[in-house]
Number of protein chains: 2
Amino acid sequence: MPVTIRDVAKVANVSPSTVSRVIADNPKISEETKKKVYNAMKKLNYHPNAIARSLANKSTKTLGIILPNTSEDLFMNPFFIQAMRGISVYGQKKGYYIMYSYSNNEEEEVDFISKYINSKWVDGIILLTARQNDRCISYLKEVNHPFVVIGRPENTEEILWVDNDNFKAMYDVVTHLIEKGHRNIAFIGGPHSLNVTKDRFEGYKMALQARGINIDEHMISETDFSEDRGYDAMKKILEQKIPDAVVTTDDLIAFGALKAIKEMDEKKIAVVGFNNTLLAAYQSPTLTSVDIKTERLGYRAAQLLIDKIENKETKVNHYIVETELIERESTQ
Amino acid sequence: MPVTIRDVAKVANVSPSTVSRVIADNPKISEETKKKVYNAMKKLNYHPNAIARSLANKSTKTLGIILPNTSEDLFMNPFFIQAMRGISVYGQKKGYYIMYSYSNNEEEEVDFISKYINSKWVDGIILLTARQNDRCISYLKEVNHPFVVIGRPENTEEILWVDNDNFKAMYDVVTHLIEKGHRNIAFIGGPHSLNVTKDRFEGYKMALQARGINIDEHMISETDFSEDRGYDAMKKILEQKIPDAVVTTDDLIAFGALKAIKEMDEKKIAVVGFNNTLLAAYQSPTLTSVDIKTERLGYRAAQLLIDKIENKETKVNHYIVETELIERESTQ
DNA sequence: ATGAAAGCGCTAACAG
DNA sequence: CTGTTAGCGCTTTCAT
């Protein structure tokens, strides 16, 4: 027999609704009755039943995270666990529970989302990645359920999202390299279908342009997120011309580039990675990389979503999280 | 206005209780009415409200994971995310939702647990680590709520747990090294206060003994889980005597050992790590390590817990998950 | 095989 | 400021 609000009411000599008001910290309850009720609660070791509250309130105070299907490699970078931590730090602060689910493909993701929504389990949903033409996003828009995306979605209007300023991040990296005296700077990016890649590439181009440095097509390569592809891409560039620096859009690519450069072994070429994965500090030379502050991204995502859920009329629909260049041996 | 069981009942021309029975797949409902009800559901796009069900059923079909406070370093090893994936794979198969919460210290952990339990949010709890004298475990035992521990707890009776056979894992590693011709095998372990360390150390001792090799105290060291500590420990051993192999209880320690050995640089000493972290494949030489199959641990934990929750009268209260030695250059 | 009605524990008008 | 009452949406005896 669980102790309920009625038991407390009886002991405190008040009505159940009064107890309910005390729980909700309703301002128009006299201090005296409050005390009475608290005492009764303590005496009976009462704890509100959150399920019952949720049913009556039509709100679960729960956020659902959709962990995307992704290549194993991406699991090497602590992105997910960090984002989840950030989300939970803010969520817990605001009294929210966090749920998550894994999916093997986009269809399963949509299934989980609709399950979460239809069954009324979650007040809001967090997508950990923004793809082009994302079915999760279109579904969520369609059913008009609160959600937030980590990464910049295609149509940023009417959508909550958080991301880094990828243009600026790369712009700054390249500018920094130029200031250190580098002139022939190569670029190896991930798939150009991703917004991230495009943005970072633009940053690269603009930074060179701003300093009056011509862009050399031979120094630009697009490839996949893997060490091997990075290695191949670097090799190809080296066959054309020896740069004095190379920027990449991912640490994995940078690892491959480092390897290719080491094999040449004559020249000192600066290398910069992206995402500051754990392995970056373990390369030789240790790899300079851009930290994208994943935990912060998660934190901000939760904040945006919870504000929306609670109808805080903030005008912002996105946050930009600052990146940080972590300099290591590869650019010394 | 959400569509409820009453709406469906009306359209299907049956009573709400009948609809409820159809949802629960109650056997004594005629095929005919079932069909009628299903049609009505489809027509109205009805989805059961899980909260209301939970309230009536006194069961949420939700599992709660307690992510322990832990040093940042441990986050480098993908233990948590992998275990969480295993848990969710089994949980989702059984129709369970998964929640998690981060804590900064043991007290907070207990707080979250009691919050989960008192508010009736979860049917069962999963602890991702087993400490000595664990307050979470004693609390959970006290309130007698279903839970499972990853790692072997102190008192294994009346507790659900999953773990590797750490004794056997290390026994096999050492035996393997002996068979490869090594005789002077050093041991560097983590804190001896942990069961894991003790078990692995026993495995080391027994394997040597079984092959009639004497144990040399100079070859045994206990330290903390960090590269630096591993380095120091290895240095100290090397000052005494040069082994031809060294086993460790963690990759981080092994990394340090590798470094110390490289500095000596004259001798080829085999090194074995534990946990097969992502960095293992990135050391030079690449590090041989024992894969503890974390995802499997999570999967089994969920299985054990859900069986308990659903009162499946299985006699087992634990699972042992097999480990696998991943051989790389460090033992070639 | 199906329906009526009470209840899971809490909240929110409305009334006073 | 506090009590009464009617739900929130579903399940489950107990009848029939």
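To find a chain, count down the sequence lines: A is the first, B the second, and so on, and within it residues start at 1.
- In this structure, the side chain of A:Asn317 engages the main chain of A:Ile159 through a donor-acceptor pair within 3.5 Å.
- Judged purely by atom type and a 3.5 angstrom limit, A:Thr4 uses its side chain to pair as donor or acceptor with the backbone of A:Arg6.
- A donor-acceptor distance shorter than 3.5 angstrom exists from the side chain of A:Asp123 to the backbone of A:Thr60, with no hydrogens or angles considered.
- For the segment residues 54-61 of chain A, the set of residues with a heavy atom within less than 4.0 Å of an atom of DNA chain D comprises A:Leu55, A:Ala56, A:Lys58, in numerical order.
- Listed in residue order, the members of residues 16-39 of chain B having a heavy atom less than 4.0 Å from DNA chain D are B:Ser17, B:Ser20, B:Arg21.
- Without hydrogens or angle criteria, A:Asn118 side chain to A:Ser114 main chain gives a donor-acceptor distance under 3.5 Å.
- With 3.5 Å as the limit, one finds no donor-acceptor pair spanning the side chains of A:Ser101 and B:Tyr97.
- A side chain to side chain donor-acceptor pair (under 3.5 Å) check over residues 145-159 of chain B, counting only residues at least two apart or in different chains, returns the pairs B:Arg152-B:Asp199.
- Listed by chain and number, the residues in a ring-ring contact (aromatic ring centres under 6.0 Å, His included) with A:Trp161 are A:His318 (sequence neighbours excluded).
- A donor-acceptor contact closer than 3.5 angstrom is absent between the side chains of B:Gln82 and B:Arg85.
- B:Lys293 and B:Tyr299 share no donor-acceptor pair across their side chains, judged by distance under 3.5 Å alone.
- Judged purely by distance below 3.5 Å, without hydrogens or angles, the side chains of A:Asn49 and A:His47 never pair a donor atom with an acceptor atom.
- Nucleotides of DNA chain D with any atom under 4.0 Å from a heavy atom of chain B span, from 5' to 3', D:dG9 to D:dC14.
- Annotation for B:Lys308: atom NZ does not count as buried by contact number, only 12 or fewer foreign heavy atoms lying within 6.0 Å.
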Does the side chain to side chain donor-acceptor pair (under 3.5 Å) test come out yes or no for A:Ser20 and A:Ser17, once each step is laid out?
-> CA-CA 5 Å; A:Ser20 171; A:Ser17 36; over 6 Å; no
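- If you walk DNA chain C from 5' to 3' and mark each nucleotide with an atom closer than 4.0 Å to a heavy atom of chain A, the marks span C:dG9 to C:dC14.
- For B:His47 and A:Val14, each mapped to the nucleotide of DNA chain D holding its nearest heavy atom, the one lying further toward the 5' end belongs to A:Val14.
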